[in-house]
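Here, residue 1 is the first one in the sequence, and each next residue gets the next number.
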Amino acid sequence: MKVKIPIQIVEIDEDNFHLMIVSEFEDGMKSNWIIDTGASKTVFDSAKSEYFTKKEGQEDILSAGITEHPLKSGLAVLNPVFFRKYKIEKMKVALLDMAHINELYQKKVQLEISGLLGSDFLLKYKAEISYKKELLMLKI
């Protein structure tokens, strides 16, 4: 089955764009996700602790970003999350403090970001991005 999820193309600055999709948790809380094809791992905001269970026995790990300093992150499993009508259970994520990202997004486009969909998620669901149709298509 192919799930089609609308993409919002968010202009952060002139000619500086991010692709964003929206999900929803079972309690109705909507979450904005940036599609990040350059990220190896899907990331979720560590401040939203009511939406994940931290993996027991997992030490914090160091994650590399585009900065010279490694980022400290933990591992977790998200509560069930809906992308359109498709429910994903036990989605594995790295936890990061996303306050700096949300500060930028609030200032530039008045949005809050809950996570980054990385290549692990995109490959698992054989993601296709259509810029023309503004859709993310996942094979479920």
Nearest atoms (heavy-atom pairs only) where [X] meets [Y]:
| X | Y | answer |
| --- | --- | --- |
| F25 | P80 | CD2-O, 3.4 Å |
| S31 | M29 | OG-CE, 3.5 Å |
| M98 | F44 | SD-C, 4.0 Å |
| V109 | E11 | CG1-O, 3.5 Å |
| K133 | S130 | N-OG, 3.0 Å |

Indicate, with yes or no, if [Y] and [X] share a hydrophobic cluster defined by side-chain heavy-atom contacts under 4.5 Å among Ile, Leu, Val, Met, Phe, Trp and Tyr.
| X | Y | result |
| --- | --- | --- |
| I101 | L96 | yes |
| I113 | I12 | yes |
| Y131 | V22 | no |
| I140 | I7 | yes |
| V77 | Y86 | no |

pair [X]-[Y]: side-chain heavy atoms closer than 4.5 Å:
| X | Y | answer |
| --- | --- | --- |
| Y125 | I88 | yes |
| L75 | K92 | no |
| L117 | M91 | yes |
| E26 | F82 | yes |
| F83 | L136 | no |
| K30 | S114 | no |

Just jot down the side-chain hydrogen bond (donor to acceptor under 3.5 Å, both in side chains) partners of Y105, sequence neighbours excluded, or say none.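 Residues passing side-chain hydrogen bond (donor to acceptor under 3.5 Å, both in side chains) with Y105: H18.
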Roughly how far, to the nearest 0.5 Å, is the [atom2] atom of [Y] from the [atom1] atom of [X]?
| X | Y | atom1 | atom2 | result |
| --- | --- | --- | --- | --- |
| L78 | T42 | CG | OG1 | 9.0 Å |
| Q8 | I21 | CD | CD1 | 10.5 Å |
| L116 | F121 | CG | CZ | 12.5 Å |
| E134 | K4 | CD | NZ | 14.5 Å |
| N102 | N32 | CG | CG | 9.0 Å |
| I5 | I129 | CD1 | CD1 | 11.0 Å |

>> Keeping D36 on the side-chain end and G118 on the backbone end, is there a donor-acceptor pair under 3.5 Å?
In response: no
Is it the case that atom NZ in K48 sees more than 12 heavy atoms from other parts of the structure closer than 6.0 Å? yes
* Asked: Would the number of heavy atoms belonging to other residues, nucleotides or ligands and lying under 6.0 Å from CD of E103 be above 12?
  -> no
Q. For D15, which residues count as a side-chain contact (heavy atoms from CB on, under 4.5 Å) partner, sequence neighbours excluded?
A.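 Once residues adjacent in sequence are excluded, the partners of D15 under the side-chain contact (heavy atoms from CB on, under 4.5 Å) criterion are F17.
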Would you say D27 and Y51 are linked by a side-chain donor-acceptor pair, where the criterion is simply a distance under 3.5 Å? yes
F52 meets the ring-ring contact (aromatic ring centres under 6.0 Å, His included) criterion, sequence neighbours left out, with none
